[in-house]
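Values below: all heavy atoms of this structure, side chains included; hydrogens, waters and symmetry mates excluded. Bear in mind the structure is a predicted one, so any value in this text is a computation, not a measurement.
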Amino acid sequence: MEIPAKYDPAGTEEKWYSYWLSHKLFHSEPDEREPYTIVIPPPNVTGVLHMGHMLNNTIQDVLIRRARMSGKNACWVPGTDHASIATEAKVVSKLKAEGIEKSEITREEFLKHAWDWKEKHGGIILEQLKKLGASCDWDRTKFTMDPELSDGVINTFVHYYKKGLIYRGVRMVNWDPEGQTAVSDEEVIRKETKSKLYHLRYYISDNGKKTDRYIVVATTRPETIMADSAVCIHPDDERYSYLKGKKVLIPLIEKEIPIIQDNYVTMDFGTGCLKVTPAHDINDYEIGLRHNLPFTDIIDKWGRLNEEAKIFVGEERFEARKKIVGMLYEKGHMEREEDYTSQIGYSERTNAVIEPKLSLQWFMKMDDAASRALEYIDEDKIKLIPDKFRNSYRHWMENVKDWCISRQLWWGQRIPAWYLPDGSYVVAADIKEALVEAKKRDSGIEEHMLIQDPDVLDTWFSSWLWPISVFDPEKPGFPDKKPNRDLEYYYPTNDLVTAPEILFFWVARMVMAGDEFCGNMPFRNVYLTGIVRDKLGRKMSKSLGNSPDPIDLMKIYGADGVRVGMLLCSSAGNDILFDESQVEQGRNFSNKIWNAYRLVSGWESSDNVSQNERSATAVKWFDNLLSYSFTIIEDHFSKFRISDALMTLYKLFWDDFCSWYLEIIKPGRGEKIDIHTHQSTNEFFDKLLRLLHPFMPFITEELWQNLEKRDEGDSIMISCMPKAVEYDLSFIKKAEECKEAIVNIRNIRQSRNISLKETLKLFVTDNSIPSELLSFITKLVNIESVKPISERGSNNAGASFMVGTTEFFIPLDNYIDKEQEVEKIDAEIKRLDGFLNSVNKKLSNPRFVESAPKEVVETEYNKQRDAITKIEKLTRAREDLLKL
RNA sequence: GGGAGCAUAGCUCAGUUGGUUUAGAGCAUCUGCCUUACAAGCAGAGGGUCGGGGGUUCGACUCCCUCUGCUCCCACCA
């Protein structure tokens, strides 16, 4: 059967993925084996696969496939996140496009649209993961808003509320006056914006009467002066020390406010006087709390001045600013204005300028949970890879703030709090229980009188339960409940692969929830991938259009090629600069494997051919090298150095297996191969495929199935990972010397234009390289005989070279250019002289010889001896040459 | 402003408690090859003194200080 010269991934990938699925090879159930578990960081249900997912999920698949082949019961749980804000935004804009405003429909109607939308588009990203080869246990697919997972979220809320850790309070939020909702900090885009810095005169008050002395306050928001509660100076600012204890009048409205002192003020910014507006600035809010100042809220949810403002009531905030500036000039309160550029927050969704606004939100106290979550890292129960992230993890845990868990949205788990007619509220898992609680306060309460809080919970309040709830959704909220069989078996999971950006949002909080409800950490290792950037180091984003579509890439280069391409250049925690040439390299590697198979599969073996010494030695060498490589790869994996493990394999396959081993044992044209070598080669191939399988699942399955007859349902993915047996490192090193000699000879041929067809003789120092290895030389560089150097005779010209301390000589009477030859030897001697010099310098330093460890001094003596020997030999070769 | 990190060949990165032949890899480059598995290939070669300066040490890419440049996280100046 003719095998095409190029590997075509398309059909292969489709075929084997459905084969794996139909034989349920990804599915895991608890059994007596050791479990190996990964829960996927659930992508947004509305998401589409991007390069970041590719990297992240490829790494997870490599880990899970390797574990599965190493005899573990491997379970990779997939799923999606409801992503309340992102999804709601998409649904809102989709409805808008259809002419439906969210404000015109009921909550129930909106949620129906949202669920419809989720059913339609929700599965896309998971389908895309299948193209990548992801070996997830799809039977276990979960969604953070599955009914039973949502119940767990509610129970968790009730649990923490009962513990006294959840409370309701006023806080400043990022208010989007256009979108009519609070948005999270992540949804605020800061943009450099040109504005003015106004210098305003605040007259000093004498018992409520305006004096003629004033101070100057700088502000960018003059329209908020009516909400001022104080003017603040730095306690150490001597310029203003006379103001201590005095009061000033707010311009225009002449309201008296105190002068206070706080370290927050920067003395050399503006005038050193700060107007404090606690209801409309986050920093002023903090100052207000510290100094117990009144909070005057003068801006309504539409961004207009309200009654509290007293003047310009009903004016839109920017319109009000213009008008008030005019009036300030008019009344002599404006000292001056200057151009000023600052970072202003805009809403990601509506592009409206964010208004800091006080509002009532739900919070969770974090200090205690955070300090316990920190212990898991401090005590090394959870390892971060790379561990440079420890510091930032610690920093965050030690400076944690209470968590604002309410969102003014509809898509998500609704806060289980019900308000009574008197304004008080009860918290309960459902309305029935809420009613029971409410009746305790007022027996006259009926169910219809209870009104549930309209807000939903922050998405992270459900995803922090993920490693628990995918196995046992009923566990969250109940620390004392016995875990079900799955949770008991799979938890704690092993490795979590995620991005450093969400180390705090998600990873740390999972640790807290795991500790709270399972009394244990949710995972042992956290592998933090970098960000995928483009060649120029820019983050890949839709708006820049610099992100290739992973699905297209897989079509062109094959899933295996893309996986290899991404992995080769991505060490943990480092960003990866993605360039299509990397993926090309991955594809080329697939093709190399394919062609190696083409070669080997075409061989015919025969009992009549006996194994020659050369083939036997090659088999022995590669067998040792394989074992040695296993240990190297094992070591890389133990340190999560996945790209190094892959590179080791890449070179093992391409260089050692293809370029050396196969070339050495390759039978001549039309010849048959001996049966032993053939068999060994197939075994090597089989082992290499198994080693490569976690990285390149598709091509390795295809070739493994072709290599010999397999039973239906058998698969490389459930075969076992080769293990290291003892190996002879010194033999591997001798083989390396032999390879080096071959490279030297090739170089000699090329630089003198000697065709490979021309047979040469070789003389070599006795007993330096085992003669069995010398047989490689005769084959690969067409050497007719290898003889001891003592037999070379003294009157033939040729080329000399050395490998280690072994001397080689090739007679080249017809090709020799004496001068050129001497030049080469001279250059080498010069290099060695320099080297010897540096060694001698060390050795002649008595303090080195005295204080350095014995082995180190010993090595230096060896270096010295070797260099001297080499120089002597080369000098002799030079003389011999000159004699001719 | 607070915190963390990085700086090694053209590019992307290794270099594991300072000492194993005067720094390694992959890619890219250059040269020669359509050699009967592969031109998505084969063979060979060139290329860095480890950001600058200072220090510790018998010895520094590796430890300390400093300067320069860059990146990320957090908080953001009225």
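Remark on RNA chain B: of its neighbouring residues Ala5(A) and Ala852(A), the 5'-side contact belongs to Ala852(A), judged by nearest-heavy-atom nucleotide. The residue among Asp635(A) and Asn753(A) whose nearest nucleotide of RNA chain B lies closer to the 5′ end is Asp635(A).
The side chain of Ser659(A) lies closest to C42(B), out of C42(B), G15(B), A40(B).
Exactly one residue among Lys739(A), Lys734(A), Lys733(A) makes a salt bridge (Lys or Arg N to Asp or Glu O under 4.0 Å) with Glu736(A). That residue is Lys739(A).
Using bins of under 30°, 30° to 60° and over 60° for the plane-to-plane angle, the ring pair Phe684(A)/Tyr661(A) lands in the perpendicular bin. A tilted orientation is assigned to the rings of Trp594(A) and Tyr597(A), their planes being inclined by 30° to 60°.
As rounded to whole Å, 15 Å separates atom C1' of U21(B) from atom CG of Leu874(A). Atom pair His280(A):NE2 and A78(B):P shows a separation of 17 Å (rounding to whole Å applied). Summarising the geometry, the separation between CD on Glu737(A) and P on U21(B) is reported as 13 Å, rounded to the nearest angstrom. The distance between atom CG of Leu662(A) and atom P of G41(B), rounded to the nearest whole Å, is 16 Å.
Within 4.0 Å of Leu568(A), counting heavy atoms only, lies no atom of the nucleic acid at all. Nucleic acid contact class of Ser581(A) (heavy atoms, under 4.0 Å, all strands): none. Within 4.0 Å of Leu503(A), counting heavy atoms only, lies no atom of the nucleic acid at all. The residue Gln585(A) sits close only to the backbone: its heavy atoms come under 4.0 Å of sugar-phosphate atoms, none of a base. The residue Phe389(A) sits apart from the nucleic acid: no heavy atom pair falls under 4.0 Å. Residue Arg587(A) is in base contact, counting any heavy-atom pair closer than 4.0 Å across all strands shown. Across all strands shown, Ser392(A) has no heavy atoms under 4.0 Å from either base or sugar-phosphate atoms. If you check every strand for non-hydrogen atoms under 4.0 Å, Asn747(A) touches sugar and phosphate atoms only.
The base of A75(B) does not come close enough to the side chain of Glu286(A) for any donor and acceptor atom to sit less than 3.5 Å apart.
G46(B) and U22(B) are spaced 14 Å apart, taking the P atom of each and rounding to whole Å. For the C1' atoms, the distance from C50(B) to A60(B) is 11 Å, rounded to whole Å. With both ends at atom P, the span from U49(B) to A28(B) equals 24 Å, rounded to whole Å. Comparing the same atom, P, in A25(B) and in A43(B) gives a spacing of 16 Å after rounding to whole Å.
A distance-only check finds a donor-acceptor pair linking the side chain of Lys779(A) to the backbone of Glu663(A) [under 3.5 Å].
For Arg669(A) and U36(B), the shortest distance from a side-chain N or O to OP1 or OP2 is not below 4.0 Å. One finds no side-chain N or O of Lys842(A) lying less than 4.0 angstrom from the OP1 or OP2 phosphate oxygen of C58(B).
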